[in-house]
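Below is one structure, written out as structure tokens; comments come after it.
Throughout, residue positions are numbered sequentially from 1 according to the sequence presented. Please read all numbers here as calculations on a predicted model, not as lab measurements.
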Amino acid sequence: MSDLNAVIATPVPMSIAIAGATGRVGAELIAGLAGEPVSLVALTRTPDAGKLPAAVAQRAVDFERPASLRAALRGVDRLFLAQGTSPRQVENEIALINAAVAAGVTHIVKLSALGVPVQLHPFDWHTRIEAHLAQCDIGYTVLRPSTFMSVLARAGKPVAQGHWGGAAGDGMVNLIDVRDVADVARIVLLERASTHWQRVLHLTGPRAWSMPQIAAELSRLLGRAVTYQHRTPAAQRDYLIASGMSDFVAGVAVGLDQAFAQSLLREDTSTVQLLTGHAPRHLSDWLSEHLATFKA
Ligand SMILES: NC(=O)c1ccc[n+]([C@@H]2O[C@H](COP(=O)([O-])OP(=O)(O)OC[C@H]3O[C@@H](n4cnc5c(N)ncnc54)[C@H](OP(=O)(O)O)[C@@H]3O)[C@@H](O)[C@H]2O)c1
């Protein structure tokens with residue numbers, strides 16, 4: 001009798017699916033949700049490729065194949081939606097949103113970007129995806145984080161070799177640690193309150209920096225002079241392509257520099273503190289943790 005009561009009293013665990021589970025935010029989110037009493041499903045194009053913890057259930061999903069998406073979302077209550085930057089991002093994310101609505105998902109947490117509605121990729125893509133989501137009969141939370149601190153890893157080799165630079169000028173950007181983005185996503189996905197609200201959250205680190213200020217901070221941490229060389233957008237594009245970057249990625253990187261130059265991502269918010277209860281992680285700490293990247 002007592003066993004039966006226990007079964008009746010135990011709620012069915014909420015099912016949460018993570019699209020982009022192997023990505024920068026997705027991987028941190030999977031780690032953060034692993035110990036929670038939820039049914040967790042990681043969505044990836046390559047299940048069992050060893051990119052995810054073995055204990056986490058995985059389902060194969062390819063946003064390019066819309067017919068496969070609804071089955072992958074069967075029984076899912078809440079969905080975290082992220083895809084890496086891609087020219088197919090709008091079509092792909094809209095296909096997944098439509099599949100989620102059809103599968104009865106009640107709430108989507110969509111990873112967007114601070115800077116929407118700037119008319120540059122990938123911001124304009126997120127604008128279009130957000131507009132589609134707003135028309136759907138589903139609860140959602142759009143997360144608009146500032147640029148991730150981890151993009152600075154791309155500066156590792158140029159810093160080590162003494163030719164770091166770009167087209168960001170003295171513009172300011174409030175970079176965020178992906179672990180803070182994942183912490184917020186985790187809290188939102190686990191919320192027990194209404195799932196029907198539709199809201200947008202801006203997420204930032206604790207303060208804005210210019211690239212020359214980051215160079216000064218790297219100089220302090222490395223114990224040698226680091227400078228940021230100012231280039232025009234065209235010169236930066238040529239530099240990136242000459243260093244092996246594809247046209248597409250170089251275009252996105254230069255677009256990001258232009259957003260930095262105009263201080264479009266310099267906003268200060270208290271969202272991370274309010275939702276997670278901890279202060280957003282500091283850029284100096286991220287640089288210290290990754291100092292080897294700038295010595296290689
Ligand atoms: N980077 C930044 O500074 C920054 C800042 C703010 C917002 N954002 C936004 O955050 C999002 C994620 O960007 P990111 O660069 O951090 O991503 P990322 O780490 O490169 O992750 C890409 C993820 O997308 C999944 N994916 C890609 N194509 C897929 C497909 N066809 N079907 C299924 N899954 C697919 C990959 O899964 P599998 O390979 O396992 O299939 C992978 O988990 C982007 O929308 C970006 O605009 C980025």
Side-chain angles (χ1 to χ4, degrees), residues 16 18-21 23-33 78-85 89 93 97 107-118 120-131 133-134 139-153 168 171-191 193 195 197-210 214 252 255-256 259-260 262-287 289-290:
I16 298 177
I18 310 295
R24 283 185 257 212
V25 176
E28 295 291 344
L29 183 54
I30 290 279
L33 285 169
R78 298 183 186 183
L79 169 68
F80 175 78
L81 169 54
Q83 184 187 351
T85 301
Q89 195 163 350
E93 291 200 23
I97 290 167
H107 198 91
I108 293 178
V109 178
K110 184 215 154 3
L111 185 59
S112 179
L114 193 69
V116 165
V118 172
L120 290 167
H121 303 327
F123 306 105
D124 56 343
W125 296 333
H126 286 299
T127 302
R128 289 164 61 194
I129 300 163
E130 287 188 24
L133 189 53
Y140 65 79
T141 303
V142 167
L143 302 182
R144 288 185 186 162
S146 181
T147 300
F148 304 154
M149 291 175 185
S150 52
V151 301
L152 287 175
M172 306 289 285
V173 52
N174 193 342
L175 299 167
I176 188 167
D177 191 310
V178 289
R179 292 171 291 188
D180 290 329
V181 183
D183 287 350
V184 170
R186 176 180 159 279
I187 296 286
V188 172
L189 285 164
L190 291 174
E191 265 169 344
T195 57
W197 54 37
Q198 300 177 323
R199 63 182 174 179
V200 177
L201 301 175
H202 286 198
L203 310 178
T204 64
R207 57 155 281 198
W209 299 74
S210 68
I214 293 173
V252 170
L256 201 54
F260 293 168
Q262 295 170 60
S263 297
L264 296 177
L265 310 178
R266 71 144 301 143
E267 190 174 329
D268 293 327
T269 67
S270 49
T271 325
V272 171
Q273 173 76 55
L274 286 171
L275 278 150
T276 68
H278 67 70
R281 293 165 172 89
H282 205 280
L283 179 63
S284 300
D285 294 331
W286 188 91
L287 292 172
E289 282 175 50
H290 295 86

- [ ] Please assess Trp209 against Leu283 for the test side-chain contact (heavy atoms from CB on, under 4.5 Å), listing each intermediate value before the final yes or no.
- [x] CA-CA 9 Å; Trp209 299 74; Leu283 179 63; 3.6 Å; yes
TODO: Before accepting this row, confirm whether a basic side-chain N of the pair Arg199/Glu191 lies closer than 4.0 Å to the acidic partner's carboxylate O.
DONE: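 Here Arg199 pairs with Glu191 in a salt bridge, since their nearest N and O are under 4.0 Å apart.
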Open item on the list: Pair Arg207, His282 - check side-chain contact (heavy atoms from CB on, under 4.5 Å), show working.
Closed with: CA-CA 8 Å; Arg207 57 155 281 198; His282 205 280; 4.3 Å; yes
Mind checking whether [X] and [Y] have side chains closer than 4.5 Å, heavy atoms only?
{"X": "Leu287", "Y": "Leu152", "answer": "yes"}
{"X": "Phe148", "Y": "Pro145", "answer": "yes"}
{"X": "Val200", "Y": "Val116", "answer": "no"}
{"X": "Tyr140", "Y": "Val109", "answer": "no"}
{"X": "Leu79", "Y": "Ile18", "answer": "no"}
{"X": "Glu267", "Y": "Leu114", "answer": "yes"}

[X] to [Y] - nearest heavy-atom pair and separation:
{"X": "Val142", "Y": "Glu130", "answer": "CG1-OE2, 3.4 Å"}
{"X": "Val178", "Y": "Ser150", "answer": "CG1-OG, 4.1 Å"}
{"X": "Glu28", "Y": "Ala182", "answer": "CB-CB, 3.5 Å"}

Short question: side chain of [X], backbone of [Y] - any donor-acceptor pair under 3.5 Å?
{"X": "His278", "Y": "Gln273", "result": "no"}
{"X": "Arg179", "Y": "Arg281", "result": "no"}
{"X": "Asn174", "Y": "Gly205", "result": "yes"}
{"X": "Arg266", "Y": "Val173", "result": "no"}

To the nearest 0.5 Å, what is the distance between [atom1] on [X] and [atom2] on [Y]?
{"X": "Gln198", "Y": "Ile108", "atom1": "CD", "atom2": "CD1", "value": "10.5 Å"}
{"X": "Ser112", "Y": "Leu143", "atom1": "OG", "atom2": "CG", "value": "8.5 Å"}
{"X": "Leu265", "Y": "Thr147", "atom1": "CG", "atom2": "OG1", "value": "5.0 Å"}
{"X": "Leu275", "Y": "Ser270", "atom1": "CG", "atom2": "OG", "value": "9.5 Å"}
{"X": "Arg128", "Y": "Leu133", "atom1": "CZ", "atom2": "CG", "value": "15.0 Å"}
{"X": "Thr141", "Y": "Ile187", "atom1": "OG1", "atom2": "CD1", "value": "12.5 Å"}

Open item on the list: Does Leu111 form a side-chain contact (heavy atoms from CB on, under 4.5 Å) with Leu81? I'd like the steps, not just the answer.
Closed with: CA-CA 6 Å; Leu111 185 59; Leu81 169 54; over 6 Å; no
- [ ] Output, in order, the C-alpha distance, side-chain angles, deciding distance and verdict of side-chain contact (heavy atoms from CB on, under 4.5 Å) for Ile129 and Ile97.
- [x] CA-CA 9 Å; Ile129 300 163; Ile97 290 167; 3.7 Å; yes
Open item on the list: If the test is side chain to side chain donor-acceptor pair (under 3.5 Å), which one of Glu93, Lys110, Arg144 qualifies with His126?
Closed with: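 Exactly one option meets the side chain to side chain donor-acceptor pair (under 3.5 Å) with His126, and it is Lys110.
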Open item on the list: So that I know where these two stand, are Trp286 and His290 an aromatic pair - ring centroids less than 6.0 Å apart?
Closed with: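 They qualify: ring centres under 6.0 Å apart.
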Open item on the list: Does Thr204 form a side-chain hydrogen bond (donor to acceptor under 3.5 Å, both in side chains) with Ser146? I'd like the steps, not just the answer.
Closed with: CA-CA 5 Å; Thr204 64; Ser146 181; over 6 Å; no
- [ ] With Phe80 as reference, evaluate Leu33, Val25, Ile16 under the side-chain contact (heavy atoms from CB on, under 4.5 Å) test and give the passing residue.
- [x]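 Of the listed options, the one satisfying the test is Val25.
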TODO: Sequence neighbours left out, what passes ring pair (Phe, Tyr, Trp, His ring centres under 6.0 Å) with His121? Give chain and number order.
DONE: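 Trp125.
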